[in-house]
*Asks:* 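The structure follows.
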Amino acid sequence: MRSTKTGARAGRAGHAGRAGAVPYLFLAPAMALFTLFMALPIGYTIYLSLRRTRVSGLGLGKGARTEVFAGLANYAAAVGDGELWAGWLRVLGYGALVLALMLGLALVFALMLDTAHVRLARLTRISIFLPYAVPGVAATLMWGFLYLPSLSPLGEHSFLSADLVTFSMANVAVWGGTGFNMLVLYTNLRAVPREYYEAARIDGASELGIALRIKIPILVPSITLTTVFSVIATVQVFTEPTTLRPLTNTISSTWSPLMKVYRDAFVTGDLYSAAATSIVIAGISLVLSFGFLRVVKNHAFGES
Amino acid sequence: MAAALPGSRGPARPSPRRPLGLAPTGVLVLGAIYTLFPVSWVVVASTKSEGELFSTSTFAPGTGLLSNLADLFAYRDGVFWLWLLNTLLYAGGGAVLSTAVSTISGYTLAKYSFPGRGLIFNLLIGGILVPSVVLAIPQYLLFSKAGLAGTYWSVLLPQILHPYSIYLARIYSQAAVPGSLLEAGRLDGAGEWRLFQRVALPLLTPGMVTIFLFQFVAIWNNFLLPFIMLGDDQRFPLTVGLYTLLAAGAGQPSLYNLIITGTMLSLIPLIALFLTMQRYWRTDLSGGAVKS
């Protein structure tokens, strides 16, 4: 594979090195991991989603259960499953709430940190970023106990009732996710040359005006990216409802689509429908994130 | 904000009266109170004895911290310690391997041009968009087939490849490793591995610390993968351990102290890492070297 002649020549020309097989060797570990832990599992999920078990006779004894090709039957079942749709609706409401609050707060905090005369910036920035270091399970446990009327300093509200449980769960996600998104946006703001703002100030623009007319437009690409990542994470919500479930009976074992996949795969033991459902979840999250990117692209990146 | 009259522009005008920054400071302080509230609650609650937890006022410290700790460490022959050690092993080992793989991959993608570079980059980065559910369940099934489900490997190996880290490493390599330095090394006859090891690695170290930290936290906080992979509580990380503690104890207020104390303890290592490594927590590595 390796040609020493081209290698030596390229070594002198061009800013990027060209060294025959070397780049492939350097990338071999990543590609091996990619093949084993990404490509293979994805392929296997697609394969499983197209299979089903055929039971012959009473389904007892060896050979009574065989795996056969099922076509798209599992997908048809997943798409026609009312329980799954109910889960989607719950997650849609929850996700809209989380995205709006989390990204809204992250944006407000980032802009506030970037104002000229803010005090306590370092302390508050560290505090707001702190939940990033708290595992979702621990965050849910802390808030879960705070929601219990017997322990809560927040008063005798039924935070875990059917009416409020979505809000209570969204609060946990907002609490955990705001700081990271704030830091992403704030980092982007810090990279903007200060002279931009000075010029606007000399022109008489207020801090608010600068934030609305200069800073937010600058942030649009990073807001877009954080939104896409948050959508992907929210569609797969699993940890918070699973951890909160032991504290209340208002969260079913199929509250979110991913919880249903888990139940199908490990409680009911129907791997094939779990596989089909997880492909559907992946499809929906891809459609949502690409759809969003497309919409935003027309607005934000059209000019640049 | 009265200084913001549109049309009041003109070079002769001095910059507007300096605002005190009260509103932004106030908003940020409210945000900090919101984020610190549950953490401070769990710290105080972990000092309360079983009786005090339900009777004394919320933020009054109790007298039960030591007995809570003793109870927690005695729980199922000290399984909590094991969870802590397991978590350190998964997060520490996984993050070291992940940083190594991400660094050399990102460096290669940034500093070499070769056929297939774009394709490989897109494949590796595209992983960001793959929901973990599409991976975790088949990963479990494939590990089962290999007889490895439930082992340390089953939690460690799938978390090494991390698309975002590769992306960060690539950006960082572009910014921090000058191509001219590599060219000079090549002229001196250094091999490619030696160039990576002697020239690139020292320049990449600050970025690697950042990648290590993000990956350490990601693995430390992961619940879904170990929850699916592991059956034996001797191999659980803290997240799954705490969950099973809650699932067992939700109906018994007598176990609340254990859960609260366990939650409190599980926060300490990461918060310590977080506070001591402040300057490495960056989400943007394009600026080159980390400023101190």
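To find a chain, count down the sequence lines: A is the first, B the second, and so on, and within it residues start at 1.
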*Asks:* Aromatic ring centroids of A:Tyr132 and B:Phe274 under 6.0 Å?
*Replies:*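 No; B:Phe274 has its ring centre 6.0 Å or more from that of A:Tyr132.
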*Asks:* Given the options B:Asn221, B:Ile260, B:Val101, which has more heavy-atom pairs under 4.5 Å with chain A than any of the others?
*Replies:* B:Asn221
*Asks:* Name the region of B:Val240, side chain, backbone, both or neither, that has any atom closer than 4.5 Å to a heavy atom of chain A.
*Replies:* neither
*Asks:* Examine whether an atom of A:Phe238 lies under 4.5 Å from a heavy atom of chain B, and if so say whether it belongs to the side chain, the backbone or both; otherwise answer neither.
*Replies:* side chain
*Asks:* Between A:Asn171 and chain B, with a heavy-atom cut-off of 4.5 Å, which part of the residue counts as in contact: side chain, backbone, both or neither?
*Replies:*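 Looking at A:Asn171, backbone and side chain both touch chain B.
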*Asks:* Please flag which part of A:Leu130 lies under 4.5 Å from any non-hydrogen atom of chain B: side chain, backbone, both or neither.
*Replies:*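 Both backbone and side chain.
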*Asks:* Non-hydrogen atoms of chain B under 4.5 Å away: do they reach the side chain of A:Thr239, the backbone, both or neither?
*Replies:*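 Contact with chain B is through both the backbone and side chain of A:Thr239.
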*Asks:* Looking at A:Val261, A:Thr45, A:Leu25, which has the largest count of heavy-atom pairs under 4.5 Å with chain B?
*Replies:* A:Thr45
*Asks:* Quick check for you: to the nearest 0.5 Å, what is the distance between A:Arg245 atom CZ and A:Glu240 atom CD?
*Replies:* 15.0 Å
*Asks:* Quick one: which of A:Phe34, A:Tyr44, A:Trp175, A:Tyr262 has the most heavy-atom pairs under 4.5 Å with chain B, could you say?
*Replies:* A:Trp175
*Asks:* Answer with side chain, backbone, both or neither: which region of A:Val174 has an atom nearer than 4.5 Å to a non-hydrogen atom of chain B?
*Replies:*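 Backbone plus side chain of A:Val174, per the 4.5 Å heavy-atom cut-off to chain B.
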*Asks:* Quick check on the interface: out of A:Val235, A:Leu111, A:Leu113, A:Val108, who has the most heavy-atom pairs with chain B under 4.5 Å?
*Replies:*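 That would be A:Leu113.
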*Asks:* Do B:Tyr112 and B:Glu192 pair up side chain to side chain, a donor and an acceptor below 3.5 Å, judged on atom types alone?
*Replies:* yes
*Asks:* Quick check for you: among A:Thr242, A:Leu48, A:Leu247, A:Thr178, which has the greatest number of heavy-atom pairs under 4.5 Å with chain B?
*Replies:* A:Thr242
*Asks:* Any idea which of A:Ser278, A:Ala28, A:Ala121, A:Pro246 has the most non-hydrogen atom pairs under 4.5 angstrom with chain B?
*Replies:*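 Highest number of heavy-atom pairs under 4.5 Å: A:Pro246.
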*Asks:* Among A:Ile232, A:Thr140, A:Leu141, A:Ile42, which residue forms the greatest number of heavy-atom pairs with chain B at distances under 4.5 Å?
*Replies:* A:Leu141
*Asks:* Measure distances from A:Trp143 to the heavy atoms of chain B and classify the residue's part below 4.5 Å as side chain, backbone, both or neither.
*Replies:* side chain
*Asks:* Is it the side chain or the backbone of A:Arg125 that comes within 4.5 Å of chain B heavy atoms, both, or neither?
*Replies:*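 Only the side chain of A:Arg125 comes within 4.5 Å of chain B.
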